[in-house]
Amino acid sequence: MMSRKIAIMGAMPEEVEPIVSKLDNLNIVEYAANKYYEGSYNGQDVVVAYSKIGKVFATLTATILIEKFKCDTLLFSGVAGAISPELKVGDLIIAEGLCQHDLDITAFGHPYGYVPEGDVCVATDEHLREVAKQVASQKGLRLKEGIIATGDQFVADEARKNWIGETFKADALEMEGAAVAVVCSALNVPFFVLRAISDAADMDASFSFDEFLESSAKISADFILSMVDTIK
């Protein structure tokens with residue numbers, strides 16, 4: 001049986017640096033105006049990259065990790081804003097599914113987040129979610145599972161946050177996950193999205209995000225590396 005080659009993605013340097021720093025046999029490949037970090041973690045081959053912020057860059061990076069680097073599993077590690085009042089800064093949420101809250105062709109009678117031949121919500125890999133629950137149990141961590149909404153905007157507005165929560169039944173929001181989901185689903189690659197909460201997507205979000213970005217990103221990165229050890 002061929003061993004896996006796992007892609008690990010984040011959107012920002014802060015989200016992948018804690019992972020890259022733990023890799024052995026590091027090789028940096030520059031491609032398509034970005035850097036890809038090939039290496040191994042406890043004997044497992046991985047390729048790590050941060051996409052830059054937003055759906056377009058996330059789509060590009062996920063596609064390259066799968067098509068050029070031949071990764072057959074993709075794990076996303078990063079931070080998110082909370083919609084659910086149950087989520088506090090530093091809490092972890094895994095995506096059961098991901099939707100695009102800023103995708104709107106409702107003028108043609110379609111629901112928000114939908115385009116013909118697409119889905120409003122793309123489901124993540126069930127086995128990888130079970131691995132995450134196993135890791136959380138071993139670490140004694142609480143792990144929320146829910147819908148994560150993606151859009152090309154940093155939401156720092158209570159009304160917008162509440163609308164996204166009500167419209168998509170979403171628990172958290174960010175700027176890349178659903179784009180990665182569309183790519184991986186189309187290419188039949190199992191994928192998983194983990195986010196640590198950095199802010200509450202309200203009027204204080206930009207302050208909270210800056211303050212908690214590094215600590216929340218490290219929580220997410222540590223968890224992802226434990227998953228790499230556990231995935232079979």
Side-chain angles (χ1 to χ4, degrees), residues 6-16 19 31-36 47-81 83 93-106 110-125 128-129 145-155 160-161 164-165 167-198 201 209 213 217 220-221 224:
I6 299 174
I8 304 177
M9 260 185 81
M12 296 174 287
E14 293 88 348
E15 292 173 326
V16 302
I19 297 169
Y31 183 77
N34 205 358
K35 291 181 180 177
Y36 293 81
V47 185
V48 183
Y50 69 90
S51 58
K52 299 184 277 286
I53 294 167
K55 291 191 292 182
V56 174
F57 283 124
T59 300
L60 174 65
T61 302
T63 304
I64 289 170
L65 284 164
I66 294 166
E67 292 292 300
K68 178 175 172 60
F69 290 93
K70 307 302 179 189
C71 294
D72 54 24
T73 304
L74 192 149
L75 310 177
F76 194 107
S77 172
V79 299
I83 297 177
I93 178 168
I94 61 173
E96 180 180 355
L98 297 114
C99 57
Q100 298 181 64
H101 67 76
D102 59 347
L103 180 53
D104 180 359
I105 56 167
T106 55
H110 297 298
Y112 288 104
Y114 176 82
V115 293
E117 299 179 55
D119 297 297
V120 171
C121 193
V122 181
T124 57
D125 184 75
L128 293 175
R129 295 203 307 270
E145 186 175 20
I147 301 299
I148 296 180
T150 301
D152 279 323
Q153 50 195 225
F154 183 85
V155 175
R160 177 68 183 172
K161 175 180 85 167
I164 294 167
T167 304
F168 296 97
K169 305 292 183 267
D171 296 292
L173 48 81
E174 36 88 313
M175 299 180 67
E176 297 82 26
V180 173
V182 169
V183 170
C184 291
S185 177
L187 295 174
N188 295 312
V189 169
F191 73 100
F192 169 86
V193 176
L194 172 75
R195 294 284 187 169
I197 298 302
S198 61
F209 180 84
L213 169 60
S220 183
I224 287 287

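Any value given below was found using the heavy atoms of this structure, including those in side chains, with hydrogens, waters and symmetry copies removed. Keep in mind the model is a prediction, meaning the values are calculated, not measured.
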Partner set under ring-ring contact (aromatic ring centres under 6.0 Å, His included) for Phe69, not counting sequence neighbours | Tyr36

Non-hydrogen side-chain atoms of His110 and Val115 separated by less than 4.5 Å = no

What heavy-atom pair brings Val120 and Pro111 nearest, and what distance separates the two atoms?
-> CG2-CG, 4.1 Å

Take Phe191 and Val122 through the test side chain to side chain contact (heavy atoms under 4.5 Å, CB included) and record every step on the way to the result.
-> CA-CA 11 Å; Phe191 73 100; Val122 181; 4.1 Å; yes

So CG of Leu60 and OH of Tyr31: to nearest 0.5 Å the spacing works out to 8.5 Å

Starting from the C-alpha separation in whole Å, work towards a yes-or-no answer on side chain to side chain contact (heavy atoms under 4.5 Å, CB included) for Phe192 and Asp125.
-> CA-CA 6 Å; Phe192 169 86; Asp125 184 75; 5.9 Å; no

Heavy-atom side-chain contact between Val79 and Met12 under 4.5 Å = yes

Please name all residues satisfying salt bridge (Lys or Arg N to Asp or Glu O under 4.0 Å) with Glu67, sequence neighbours left out, ordered by chain then number.
-> none

OH/Tyr50: more than 12 non-hydrogen atoms of other groups inside 6.0 Å | no

For Val155 and Lys161, which heavy atoms make the closest approach, and how far apart are they?
-> CG1-N, 4.0 Å

Non-neighbouring partners of Ser220 that pass side-chain hydrogen bond (donor to acceptor under 3.5 Å, both in side chains), sequence neighbours left out = Ser77

I'd like a table of donor-acceptor pairs (distance under 3.5 Å, sequence neighbours excluded) in which one partner is a side-chain atom from residues 176-185, with atom names and distances.
residue: Glu176; atom: OE1; partner: Arg195; partner atom: NH2; Å: 2.9
residue: Glu176; atom: OE2; partner: Gly54; partner atom: N; Å: 3.1

Closest non-hydrogen atom pair between Ala170 and Ile83, with its separation | O-CG2, 3.5 Å

Look up atom CD1 in Ile94 and atom CG in Leu128, then write down how far apart they are to the nearest 0.5 Å.
-> 9.5 Å

By salt bridge (Lys or Arg N to Asp or Glu O under 4.0 Å) - contacts of Asp104 (at least two apart) = none

Candidate pair Val16 and Ile8, rule side chain to side chain contact (heavy atoms under 4.5 Å, CB included), full reasoning | CA-CA 8 Å; Val16 302; Ile8 304 177; 5.8 Å; no

Measuring from Ile164:CD1 to Tyr112:OH, what's the distance to the nearest 0.5 Å?
-> 11.5 Å

Compare every heavy atom of Ala95 with every heavy atom of Ile148, then report the nearest pair and how far apart it is.
-> CD1-CB, 3.7 Å

To the nearest 0.5 Å, what is the distance between CG (Asp152) and CG (Leu103)?
-> 10.5 Å

Could you grab the distance from atom CG of Leu74 to atom CE of Met9, nearest 0.5 Å is fine?
-> 6.5 Å

Taking every heavy atom of Gly78 against every heavy atom of Glu15, the minimum-distance pair comes out as CA-OE2, 3.2 Å

Value for CG (Asp119) from OH (Tyr114), rounded to nearest 0.5 Å, stands at 7.5 Å

Answer yes or no: is there a donor N or O on one side and an acceptor on the other, between the side chain of Arg129 and the main chain of Thr124, under 3.5 Å?
-> yes

Answer whether the closest heavy-atom distance between the side chains of Ile105 and Pro116 falls below 4.5 Å.
-> yes

What pairs with Thr61 under side-chain hydrogen bond (donor to acceptor under 3.5 Å, both in side chains), at least two apart in sequence or on another chain?
-> none

With side chains defined as the heavy atoms from C-beta onward, is the minimum distance between Lys55 and Asp102 less than 4.5 Å?
-> yes

Correct closest heavy-atom pair for Phe168 and Ile147 would be O-CG2, 3.8 Å

Apply side chain to side chain contact (heavy atoms under 4.5 Å, CB included) to Cys71 and Val189, showing your working.
-> CA-CA 8 Å; Cys71 294; Val189 169; over 6 Å; no

